Protein chains: 2
Amino acid sequence: MRWENLDQEPCSLSRTLSVVGDRWTLIVLRDCFLGVRRFDDFEARLGVTRHVLADRLKKLVNAGVLEKRPYQERPRREEYRLTEKGRDLYPVILSLVHWGDRHMADEAGPPIRHRHRACGAYTRGILTCAECGEELHPHDVEVEESPAWTGQLLPPKKAIDR
Amino acid sequence: MRWENLDQEPCSLSRTLSVVGDRWTLIVLRDCFLGVRRFDDFEARLGVTRHVLADRLKKLVNAGVLEKRPYQERPRREEYRLTEKGRDLYPVILSLVHWGDRHMADEAGPPIRHRHRACGAYTRGILTCAECGEELHPHDVEVEESPAWTGQLLPPKKAIDR
DNA sequence: ACAGGTAAGTTCCGAAACAGAACCTAGGGG
DNA sequence: CCCCTAGGTTCTGTTTCGGAACTTACCTGT
């Protein structure tokens with residue numbers, strides 16, 4: 001399979017990665033959540049080449065994750081802002097950050113702390129069940145085909161049974 | 001900057017992506033959480049070339065996310081299993097899946113449902129504050145440099161202020 | 001009028017990564 | 001002896017990436 005067909009797969013994870021699974025894309029989005037909006041600011045902070053940055057921004061705009069908005073005319077300049085679809089990626093970003101905090105930090109510890117305004121505490125995000133509020137762990141969650149897709153998905157059962 | 005130096009960056013997200021930010025790596029991990037353990041099963045389900053699959057599995061083992069375990073001798077065969085470090089990526093996977101369910105599904109809806117054994121409901125994971133239990137949104141979270149890193153991080157302030 | 005600066009890209013080239021297919025290794029089964 | 005299985009490695013051509021220079025369309029100062 002080629003990477004460019006990933007958005008056709010019957011798998012929400014593959015489809016998500018067809019948008020944000022490229023090299024640099026999630027790092028661009030990290031900076032969006034930090035308030036960066038302009039081309040040259042992205043470039044200065046990211047260390048990515050202008051070529052790749054232009055490509056990633058264009059793809060994110062086409063995917064509806066960012067939108068381009070003029071902030072001045074003559075000369076026309078535009079900035080990039082998260083759409084609601086983009087802001088919905090926040091749990092993804094925060095989960096990735098938290099894993100890095102826990103498993104990839106060096107002696108100095110994680111570089112960034114997150115304070116939750118509502119309760120005032122330094123916090124981390126945890127994944128909880130939208131129905132009962134308990135924390136979700138892999139073995140508490142049973143995966144099943146949704147009825148509309150029955151029989152069209154590749155079952156991993158052979159692998160699980162043995 | 002080159003992609004290979006990403007694990008040195010003072011940013012937990014970059015460091016996480018140095019492990020799982022490659023093309024295909026998160027899709028390999030999706031299958032790990034579905035119970036797939038063997039080389040040929042990954043290949044059949046993923047549609048990735050054997051070359052790339054071998055490379056990703058090796059990198060994940062080196063990163064401590066998967067471990068290789070013999071399941072028979074003569075001929076020796078080994079399977080890949082998630083370590084605890086790997087299982088800690090569950091929130092990342094589930095957040096990506098949920099975003100795809102919401103924003104990338106077609107008319108048939110999302111292909112997979114998740115049932116939470118503890119409460120019996122079909123559920124989704126939401127990101128909540130580990131301290132107060134409220135759902136976390138981008139604007140409720142204030143980012144600050146941790147004391148050990150003060151002054152060593154690139155501030156996005158110029159971008160935020162204007 | 002002209003030099004230099006700014007913001008947001010685009011173009012060009014060599015290096016690295018990827019896709020597809022064939023090949024290899026160490027055994028087992030008929 | 002031939003074919004099969006599991007888990008890879010090698011080979012070849014196409015894409016994508018990294019680094020640097022160039023472009024466009026204005027603005028500012030002299």
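Quick caveat: nothing in here was measured; it's all calculated off a predicted structure. Throughout, protein chains are lettered first and strands after them, A, B, ... in sequence-line order, and every chain is numbered starting at 1.
- Near DNA chain D, defined here as any heavy-atom distance below 4.0 Å, there are no residues from residues 59-73 of chain A.
- Remark: P of D:dG7 and CG of B:Asp40 are 6 Å apart, rounded to the nearest angstrom.
- Atom P of nucleotide C:dG9 and atom CG of A:Leu53 are separated by 9 Å, given to the nearest angstrom.
- At whole-Å resolution of the value, CZ in B:Arg37 and P in D:dA6 are 16 Å apart.
- Following rounding to the nearest Å, B:Phe42 (CZ) and D:dG8 (P) show an atom-to-atom distance of 11 Å.
- Judged as a salt bridge (Lys or Arg N to Asp or Glu O under 4.0 Å), and not counting sequence neighbours, the contacts of B:Lys68 are B:Glu78.
- The main-chain N or O of B:Cys129 is never found under 3.5 Å from a side-chain atom of A:Thr123 such that the two would form a donor-acceptor pair.
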Below 3.5 Å between N/O atoms, which protein atoms pair up with nucleotides 10-16 of chain C? Just atom names and distances, please.
none

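- The phosphate of D:dT14 has neither OP1 nor OP2 within less than 4.0 Å of any side-chain N or O from A:Arg2.
- Remark: of the listed residues B:Arg77, B:Arg76, B:Arg81, B:Arg81 is the sole one forming a salt bridge (Lys or Arg N to Asp or Glu O under 4.0 Å) with B:Glu79.
- Along DNA chain C, the nucleotide nearest to B:Gly47 and the one nearest to A:Arg76 differ in position, and the one closer to the 5' end is contacted by A:Arg76.
- Distance, A:Asp41 CG to C:dT6 C1': 12 Å, rounded to whole Å.
- In this structure B:Glu43 satisfies the salt bridge (Lys or Arg N to Asp or Glu O under 4.0 Å) test together with B:Arg50, sequence neighbours excluded.
- Among the protein residues, B:Glu43 comes within range of no part of the nucleic acid, since none of its heavy atoms lies under 4.0 Å from any strand.
- Of the two residues near DNA chain C, A:Pro75 and B:Arg77, the one whose nearest nucleotide lies more 5' is A:Pro75.
- Scanning for ring pair (Phe, Tyr, Trp, His ring centres under 6.0 Å) contacts around B:His114 gives an empty result, with sequence neighbours left out.
- Between B:Trp3 and D:dT16, a side-chain N or O to OP1/OP2 separation shorter than 4.0 Å is absent.
- The distance from atom CG of A:Leu46 to atom C1' of D:dG18 is 14 Å, rounded to the nearest whole Å.
- The CD-C1' distance, from A:Glu79 to C:dG9, rounds to 17 Å in whole Å.
- Of the side-chain N and O atoms in A:Tyr80, none sit less than 4.0 angstrom from OP1 or OP2 of C:dA7.
- Between A:Arg56 and D:dT16 there is no side-chain N or O to OP1 or OP2 distance below 4.0 Å.
- Between the side chain of A:Thr25 and the main chain of A:Val20, no donor-acceptor pair closer than 3.5 Å is present.
- At distances below 3.5 Å, at least one donor-acceptor pair connects side-chain atoms of A:Arg56 with backbone N or O atoms of A:Arg23.
- The ring pair (Phe, Tyr, Trp, His ring centres under 6.0 Å) check on A:Tyr80 picks up nothing, with sequence neighbours excluded.
- What separates CH2 of A:Trp24 from C1' of C:dA17 is a distance of 15 Å, to the nearest Å.
- Of the possible polar contacts, one joining the A:Trp99 side chain to the B:Lys85 backbone as a donor-acceptor pair under 3.5 Å is found.
- Taking the six-membered ring where tryptophan is involved, the planes of B:Tyr90 and B:Phe33 are tilted, since the angle between them lies from 30° to 60°.
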